[in-house]
Amino acid sequence: MKKFLSIGLVRGLLHQVGGTAFGIGLVFLIQAIEGKALTSEPAWVAGGAVGAIAFLWGVGAFRDWWRQAMGETVVEPHEVQDEPGARRFFNLSYDHKVIGVQYGFTSLLLLVMGGSFALVFRTELMATGLQFLSYIQFNTLIGMHGMVLIISILLGISAIGNYVVPLLIGAKDMAFPRLNALAYWLAVPAAVLLIMAMPLGGFETGWTGYPPLSIRGPMGIQMFFLGVFFAGWSSILGALNLVATILRERVQGMTLFRMPILVWAVLATSIMALTATQLIGLSFQLVLFERLLGMPFFEPAQGGNPILFQHLFWFYSHPAVYIFILPGLGVISELLPVFVRKPLFGYRWIAMSSMGIALTGFLVWGHHMFAAGIEDYLRVPFMYSTLLVAVPTGVKFFSWVATIWQGKIRFPTPMLFVLGGIVVFLLGGLSGPPAGTVSTDLHLTDTYFIVGHFHDTMFGGYVFPMFAAIYYWFPKITGRRMSERLGKWHFWLMAPAFLLMTLTQMRIGLLGMRRRIADYDPTQGFQIPNIMITIGGFLIALSVLIFLINLIRSIRNGEPAPGNLWESRSPEWQVPSPAPVHNYEYGLTVVGDPYDYGLEGSRYVEVPTALPIEVPETPAIEVELS
Amino acid sequence: MPEIHMASSMAKTFEYLRQMKPDLVIVDYDDRTIDRAEFLSQFVASDQPMQVMLVSLQASGKVVVYERKTLTPIQAEDWLALITTANIPTQSPPAKERSTNSMKHFVIAGGLVAVSTVLVYLFLTGAGLLPVEASRQAVLVDQLFDLHWALISFLFSLIVVFMGYSLVVFRRKPGDDGAGKYFKGNGRLEIFWTLVPLATVVTVAYLGSQNLAAVRAVDPQAMEIKVTAFQWNWQFEYPQYGIITDTLYLPVDQQVLLRLSSRDVIHSFWVPEFRVKQDVLPGANLVKELRITPSQIGQYKVRCAELCGGAHSAMERPVIVQSQADFDTWVAQQMASEVQDPAQRGQKTAEIQCKACHTFDGSKGLAPTWKGVFGHRVELSDGSTITADEAYIRESILNPSAKVVKGFPNIMPPNYKDTLTEQQISDLVAFIASLK
C-alpha cells in the first residue's frame, strides 16, 4: 500500500481530490458567512482550480523550485537517477525521454477515450429518432469528443517534440528539464477536469463553447473551461521549452539549415503555441466570469456582443489547427528521405514553408465566422488570406512528390502511414478552398462537409504521421521493433475505413446534413450514409485496437532491434537502441547535410564511441631523428 | 592564432610532432616520402581513436574532403589500405542519358495526370453533389463550386498520379539496397510552384469576391420578412400584411429580405436548396439580413444550422415556394382568418411561442401543462401554493423566474415581456383559461 501511495501519479490524484474538496469547502464557507444560499457552481470552479494546483504539488512538480526558494541545494536534473523499470513513467522525471513517453501514453489514452465517445454517438446516429441518448447527452459527447481529442493531439505532438528533438539536435536534454516535467504533469489534472464536465451536468455547446448558449447551459461547461485552461498552460510552457532548446541547445556545427527538417516544423509549431494559446484561455475565462460574476461580456441584453467571443476564440483556434498538423507534416518530411533513399527535395523551402504556414495561420481566423454576422469588409480580406495558406502548403506537397520521384522506395509500416498521411491530408487541403471562398462557405459551414474536411486534415496531418512516428521511433525507445504484420493490418484497415467515413461525411454535408445534430430528417435520405460513416468509425477503432495490441506486446516481446534499423543518417540512429541515458555520451559532430542519401561516402553526423584522443604531456615514444 | 608548420621529410615531421604536439596533422595522401605504417605507429602509440580525414589538396588551393572518420590507428591503417583511386567518387552517368530517362517518366505521368483530371472532374460534376438549385443565389454559388471542382480535379490528379506512378515504377527491387536518384532541389521549379499557386489563389479569391457581390445583390423591391428564432422553433412575420406564421411561404422569383433576430442564443437560418446561410443573433442591435430569391416552386425546409442546445436537431420548419398567384391567395386567406375569438388567437400564438415546452393536453413536457391549470391551486418550488389566476398567468409570462412550479427547471425565457404584445398576452390567458 505504501508503495502504491508513493507513486507520483497516485499522490497527485489524491492531492487533487483533497484540493477540490478544500476549494469547495472554502467557497461554501464564504457563501455561508455572507448569508447567501449555497450554490454549487462557484464551489466547483474554485474546487477544480485548487485541485489542479494541488495535483502538481502532490506529484512534486514544484518541489525543486520550492527548495531553491528556501535556500536549499537541489540536485541538477541530469544528475537525477530515475528508478529503473516501468515505475519511472508514473513519477516525476526530468528526463526528456521519459517525459516524451509519458506524453505519448497519456495522448494514446485520451485518443481511445475521445474516439470511444464518437463510437457512442455514431451508434445513436445510425437511425433517425433518438434511440438511447438524450439531447444533453448527445451534445456533451460531441463536445467531449472534440476537446478530448484536441488535448490528445497537443500531448501527442509534445511527445514527439520532447522525445525526438533533443536527440535530433545532439543535445543531452531539453533546455529546462524541470519546466518540462511541469508542462507534462499540468496535462493530467487538466484531463481530469475535462472529464468531470460529464458528471457535473454536461454541456450543450460543442467544443467551441459559444455564448450566449455557454452562459446559460448546465454547469459542466465550467469544468470544460478549466480543463482547457490548464491544458493550455501545459501547451505554452512546453512550447517555450522547445523554442529555447532548438535555438540554444543544438550541437556545435548544426546550423539552423543543417538541422533535421522535423526540428523546423516543431520550431514553427512552438512559436504559434507559445503566442496564441492565451486567447482560448482568455475567451473561456471571460465566459466563466460572465457565468459566475455576471460580467456582461457577451450577453446582448446587457450590452455584450457574442461575436466578440468568436473573434477571441478563433484567433487561437485557427492557429491551433496548424499547431496540430505542422509536426506531423514535419514527420512526413523527415521520414520520406529514409524510405526513398534520396535527399529531401528543397529542404530550405520546406523549412520556410512551415514558418510561412505559422505566420499566415494567424491571419485567417475570420473564415470560421463567414456566416456569423460579421461585416462584409471583413469577410473578403479573410477569404484572400485563407486561400493564401494554400501556397506554402502546396510547396510541401510538391516537395514531397519530388522527393519520392525517382527514389528507391521501401514500404515498411512507418512509410505506409507517411504515404497515407499525404493522401488524406491532400483531401483535407483540397476541401479547404470551397470553405475558404465566402459564398460557397455559406452553404458548407456548419455541415458535415466541414466535419469531413477537418477529419481529413487531422488524420492526415496528425493521426497517420503520429502512427508513422510511433512505428519508426519505437525501436529507439525500447530496443525492439513492432510487428510488421500487425502494423500492416492496422494501416490497411484504417486507411480505407477512414476514406469511407470522410468521403461520406463530405457527401451528406454537401446535400444538407447539418453538424452537431442528434437526429436528422428521415426525408433527406441520409440513413444509409450515416450507417456507412458509423461502420467506418468502428473499423478505425478496430484498427487502433490492433495497434495497441501490437504496441503492448512489442514492448516485452518485440523482435530486438538494437542498431540502425531504418538505415537512417539521422543522429539518433548512430547510437544504440534503446537510446543511451544521456543521448550522446561523447558528443556529436556534424560533418555533412542531413539528407544526402546517395551521395557516395557522405555522412551527416559522426558519433564517437569514446572520448577524443588527448595528446600526452610527454611523447609516448622517443623518436630518433636522423 | 593557430601555429602552422609544414614538413616535407619524415624527420622534420617527427620533430614537429614531438615539439608542437599539434591538434591537427594534414597528410598528403599521394606523398611518396611517407611510410604510412611507420608514421602511424610513431605518431600514436595507444588505441585511442582519432579523427581521420581523407582530403585532396587541389592545385587551385581548394581542399576537397572525401571522407571523415573516427578510428583507432589499426582501423585507420586498414581503412587507408582500402582507399585506392578507384574508390574515389566518380562522375555520375552522362548528363544526357540521365535526363532522357527522367523525361520519359515525366511525360507518362503527366499524360496520366491529364486523363485523371478529366475523369475526376466528370465524376464530381456528374455525381449530383449538391441539392437542387432552388434560388438565384444557389445558381451563382454552384458556379463557384464548379470552379473549385475543376481545381480540385487537377490538383488531386497531379499529386496522386505522380505519387502512385512513383510507388509502382520506383519501388525498390528485391536485393537492391542502393539509393535513389540524387537531386536536392531546383530553385527555378520552387519559384514556379510558389508563384503559379499564388497567382491562382489571388484569382480565385477575386472571383470569389465577385461571386459574393452577385449573391448579395440587392433588389430594392424585396419583400421584407421578420424571422425570429428561438429555442427551438421559428416564427415568420410579414409586416406589410400583419401575418405571423410558423411556416415560411415565399412567392417564386421575388427577392425576400429576411431580417433575422433571436430571442435567446445564436441560431442559424439555412435552406440547403437556397444555399446561403446566416447566423441569427440575440440583441436588438444585432439584427442580421439575408436576401434570397427563390427560383423553383416546391417544398423545402429551413433548418437551424448553429448548435443551440437541446432540440437543435429538430428546429426545422417548412418553406413553401409558390407562384405569385398562389402566394397572394395564401396572404388573403391569412388576413381573412384574422380570428375574432381571443382563445383561438391565443392558441395560434401559443403554438408558435409556447408549445416547444408547455403541453396543452395534460401530458408531461419540459414545462407545466396548461390543461386544467386555470383557477386551480399550484405548488411552487419554495413549497408554497398559489391559485393560478389571471394575475399569476400574466406574471408567469412577464417574469418567469418569480414563481417556478415545483418539479420543473427555471428555464423559461425571460424576454416575452419584450416580444409579446398586450393583445397576445390577453389572448394567451384566454386560451389557457379555455383548457379545462
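In what follows, chains carry the letters A, B, and so on, assigned in the order in which the sequence lines appear, proteins first and then strands, with residues in each chain numbered from 1.
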Legend entry - Side chain, backbone, both or neither of A/Arg216 within contact of chain B (heavy atoms, under 4.5 Å): side chain

Inset, instruction - Could you tell me whether the side chain of A/Phe398 reaches within less than 4.5 Å of the side chain of B/Glu190, counting heavy atoms only? - result: no

Inset, instruction - Heavy-atom pairs under 4.5 Å with chain A are the metric here; pick the option from B/Ala314, B/Pro282, B/Pro197, B/Ala284 that has the most. - result: B/Pro282

Inset, instruction - Identify which part of A/Ile215 has an atom lying under 4.5 Å from any heavy atom of chain B, answering side chain, backbone, both or neither. - result: neither

Legend entry - Side-chain heavy-atom pair A/Phe397, B/Leu155 within 4.5 angstrom cut-off: no

Legend entry - Heavy-atom side-chain proximity of A/Gln406 to B/Ser102 below 4.5 angstrom: yes

Inset, instruction - Quick one: which of A/Thr208, A/Thr523, A/Thr403, A/Leu444 has the most heavy-atom pairs under 4.5 Å with chain B, could you say? - result: A/Leu444

Legend entry - SB check B/Arg303 A/Asp521 (cutoff 4.0 Å): yes

Legend entry - Student check: side-chain heavy atoms of A/Arg514 and B/Cys304 closer than 4.5 Å: yes

Legend entry - Minimum heavy-atom distance between A/Ser439 and B/Val215, given as atom pair plus value: CB-CG2, 4.1 Å

Legend entry - Carboxylate-amine/guanidinium contact A/Asp446 B/Lys277, below 4.0 Å: no

Legend entry - A/Leu419, part contacting chain B, at a heavy-atom distance under 4.5 Å: both

Inset, instruction - Using non-hydrogen atoms and a 4.5 Å limit, figure out which bit of B/Lys301 sits close to chain A: side chain, backbone, both or neither. - result: side chain

Inset, instruction - Salt-bridge test for A/Asp596 and B/Lys184: reply yes if a basic N is under 4.0 Å from a carboxylate O, no otherwise. - result: yes

Inset, instruction - Name the region of A/Thr440, side chain, backbone, both or neither, that has any atom closer than 4.5 Å to a heavy atom of chain B. - result: both

Inset, instruction - Check whether any side-chain heavy atom of A/Phe411 sits under 4.5 Å from a side-chain heavy atom of B/Leu167, and report yes or no. - result: yes

Legend entry - Side-chain heavy-atom pair B/Leu286, A/Asn305 within 4.5 angstrom cut-off: yes

Legend entry - Distance-minimising heavy-atom pair for A/Pro300 and B/Gly283: CB-CA, 3.6 Å

Inset, instruction - Give a yes/no verdict on a cation-pi contact between A/Lys342 and B/Phe183, requiring under 6.0 Å between NZ or CZ and the six-membered ring centre and an angle within 45° of the axis. - result: yes

Inset, instruction - Identify which one of A/Val438, A/Val380, A/Thr437, A/Asp376 satisfies the side-chain contact (heavy atoms from CB on, under 4.5 Å) criterion when paired with B/Ser209. - result: A/Val380

Legend entry - From CA spacing to verdict: ring pair (Phe, Tyr, Trp, His ring centres under 6.0 Å), A/Trp349, B/Phe192: CA-CA 12 Å; A/Trp349 287 78; B/Phe192 175 80; over 10 Å; no

Legend entry - Contact origin within A/Pro337 toward chain B - heavy atom pairs under 4.5 Å: neither

Legend entry - Any side-chain heavy-atom pair of A/Trp405 and B/His105 under 4.5 Å: yes

Legend entry - Test item: A/Asn139 and B/Leu307 side chains (from C-beta on) under 4.5 Å apart, heavy atoms: yes

Legend entry - Residue, of A/Leu599, A/Val395, A/Leu442, that accumulates the most heavy atom pairs under 4.5 Å with chain B: A/Leu442

Legend entry - Interchain contact, A/Gln310 with chain B, by part (heavy-atom threshold 4.5 Å): side chain

Inset, instruction - Let me know if A/Ala301 has heavy atoms under 4.5 Å from chain B in its side chain, its backbone, both or neither. - result: neither

Legend entry - Distance-minimising heavy-atom pair for B/Val202 and A/Tyr384: O-CE2, 3.9 Å

Inset, instruction - Select, from A/Val391, A/Leu213, A/Ile517, the one with the greatest count of heavy-atom pairs under 4.5 Å involving chain B. - result: A/Leu213

Legend entry - Pick from A/Gly592, A/Pro433, A/Ala390, A/Ala402 with the largest number of heavy-atom pairs that fall under 4.5 Å of chain B: A/Pro433

